[in-house]
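The chains referred to below are lettered A, B, ... by the order of the sequence lines, with proteins before strands, and numbering in each begins at 1. Atom set for the values below is all heavy atoms of this structure, side chains included, hydrogens, waters and symmetry mates excluded.
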Amino acid sequence: MIITTPNKTVLTEQHAFDPTKTFTCGQCFRFQPKQGGFFGIAGGREIFVSGDKTETVLFCPAEDFESFWREYFDLDRSYDALRALAAGDPFLEAATEFGDGIRLLRQEPFEALCTFIISQCNNIPRIAGIVERLAQHFGTPIGSGFAFPAPHALASLSLEALAPLRAGYRAPYLLAAAQAVASGTLDLAFLSDPDLPLDEVRKKLMTLPGVGRKVADCVLLFGLGRWDAFPVDVWMQRALAQYYPAGFKPERFPQAAGLFQQYIFYYIRHLSKAHAVT
DNA sequence: GGCCAGGTGCGTA
DNA sequence: TACGCACCTGGC
């Protein structure tokens, strides 16, 4: 059930939105823990999210919830039927159970593109830092923070101007991506069409420098809503080799592959921490 | 000080 | 196709 008041919206259990899992499972980098919840900015709006799996509270204007956050948090999709597809696969069942409460965010395409370009060969705190500095330097103020910059705000910048980001060798990739989107060479709105073949959109994304298969799949999944995309990074590679020696076929789950990827990723990161020698 | 971190692009076989 | 290696930067 969704209960909306003028400045907050409460979600009950059936939506299974666990803020901690959702914001720490590795899909996004701009929601920061604060005052017992998470503070974030997207779509030029700010929001504070608190609660747990049984009750989630979104502090935002009601009109923002309806016009933006509802879709951003993917609240109109039932995950139960998709999660049930894991039945019969013990590892997938365990991962799905562990990740219960994760919602796959429908992030903005350009922000997702930049974020996952930055993520390559990088660690999470540093990724978050670079993305945050990107917003602070080139985004517009929103409430107590900054919106992620629009493509045109980055496209005309020089590499020197990007130096404060300390993005390293990824800086020219960011510029190229911004220029491609701002100029229309890469039309992210067009590529959002769910009827386009996955490999066609992926191929288009991979024409950008610094965008290979993995980054492209992250953009497809997190920015373009393509749940048939199944990003495989080094962690996934190791896990799949260990638990699926005969191979894992994401094509078996055209509606849920991306969700399962996130469950597996979150689960194996947990396992590796649990087994880490301290 | 060396190594590694949620990849990619390029050269070589 | 498969592999090795460099690439900025920051933390351990």
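Put simply, CE on A:Met236 is 13 Å from P on B:dG7, counting in whole angstrom units. Protein atom CD of A:Gln120 is 14 Å distant from nucleotide atom C1' of B:dC10, rounded to whole Å. Look at CZ on A:Phe29: it is 12 Å from C1' on B:dA5, rounded to the nearest Å. Rounded to whole Å, atom C1' of B:dG6 lies 17 Å from atom CG of A:Leu220. Rounded to whole angstrom, the span from the CD atom of A:Gln237 across to the P atom of B:dG6 amounts to 13 Å. A:Leu205 has its CG atom 15 Å from the C1' atom of B:dG7, to the nearest Å. Whole-Å rounding puts the A:Lys214 NZ to B:dG9 P distance at 14 Å. Remark: P of B:dG7 and CZ of A:Arg202 are 17 Å apart, rounded to the nearest angstrom.
Within 4.0 Å of A:Pro209, counting heavy atoms only, lie sugar-phosphate atoms of the nucleic acid but no base atom. Contact annotation for A:Gly212: backbone-only contact, meaning every heavy-atom pair under 4.0 Å involves sugar-phosphate atoms and none involves a base. Using a 4.0 Å heavy-atom distance criterion, A:Ile124 is classed as a base contact. Among the heavy atoms of the strands lying under 4.0 Å from A:Leu208 are primed sugar atoms or P, OP1, OP2 only; no base atom is included.
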Distance-only donor-acceptor hits, side chain of residues 161-170 of chain A, under 3.5 Å, sequence neighbours excluded:
| from | atom 1 | to | atom 2 | distance (Å) |
| --- | --- | --- | --- | --- |
| A:Arg170 | NE | A:Ile118 | O | 3.3 |
| A:Arg170 | NE | A:Gln120 | O | 3.0 |
| A:Arg170 | NH1 | A:Ala167 | O | 2.9 |
| A:Arg170 | NH2 | A:Gln120 | O | 3.1 |
| A:Arg170 | NH2 | A:Cys121 | O | 3.0 |

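Atom P of B:dT8 sits at a distance of 22 Å from the matching atom of C:dG10, rounded to the whole Å. Only the P atoms considered, C:dC3 is 22 Å distant from B:dG6, to the nearest whole Å. Of the P atoms belonging to B:dC3 and C:dC5, the separation is 13 Å, rounded to the nearest Å.
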- CA sep, side-chain torsions, deciding dist, call: A:Asp199, A:Lys203, salt bridge (Lys or Arg N to Asp or Glu O under 4.0 Å): CA-CA 6 Å; A:Asp199 48 351; A:Lys203 200 181 296 178; over 6 Å; no
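Side chain to side chain, A:Tyr72 and A:Asp64 fail the donor-acceptor criterion of an N or O pair below 3.5 Å.
No donor-acceptor distance shorter than 3.5 angstrom exists from the side chain of A:Gln107 to the backbone of A:Gly223, with no hydrogens or angles considered.
Checked options A:Phe73, A:Tyr263, A:Trp227, A:Phe17; the residue passing with A:Tyr79 is A:Trp227 (criterion: ring pair (Phe, Tyr, Trp, His ring centres under 6.0 Å)). Under the ring pair (Phe, Tyr, Trp, His ring centres under 6.0 Å) test applied with A:Tyr266, the options A:Trp235, A:Phe98, A:Phe260 reduce to a single match, A:Phe98.
Taking A:Leu196 as the reference, A:Phe190, A:Leu191, A:Asp193, A:Glu200, A:Val201, A:Arg226 meet the side-chain contact (heavy atoms from CB on, under 4.5 Å) condition, with sequence neighbours excluded.
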- Fill in the dot-bracket string of DNA chain B, one character per base: . for unpaired, | for a pair to another strand, ( ) or [ ] for pairs within the strand, taking Watson-Crick or G-U pairs under 3.5 Å. .||||.|||||||
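Between the CZ atom of A:Arg83 and the CD atom of A:Glu93 there is a distance of 11.0 Å, given to the nearest 0.5 Å.
Between A:Phe253 and A:Phe230 there is no side-chain heavy-atom pair separated by less than 4.5 Å. You'll find the side chain of A:Arg106 stays beyond 4.5 Å of the side chain of A:Asp74, heavy atoms only.
Under 4.0 angstrom from either OP1 or OP2 of B:dG6 there lies at least one side-chain N or O belonging to A:Arg269.
Between A:Phe38 and A:Phe23, the ring planes lie tilted relative to each other; the angle falls in the 30° to 60° range.
The nearest heavy atom of DNA chain B to A:Arg238 and to A:Ala216 marks one nucleotide each, and the one closer to the 5' end goes with A:Arg238.
For the contact set between residues 250-262 of chain A and DNA chain B, defined by any heavy atom under 4.0 Å, there are no members.
Applying the ring pair (Phe, Tyr, Trp, His ring centres under 6.0 Å) rule to pairs touching residues 40-62 of chain A yields A:Phe48-A:Phe59, sequence neighbours excluded.
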- Can you give one letter per nucleotide of nucleotides 6-12 of chain C, 5' to 3': B if a protein heavy atom sits under 4.0 Å from the base, S if only from the sugar-phosphate, - if neither? -BBBS--
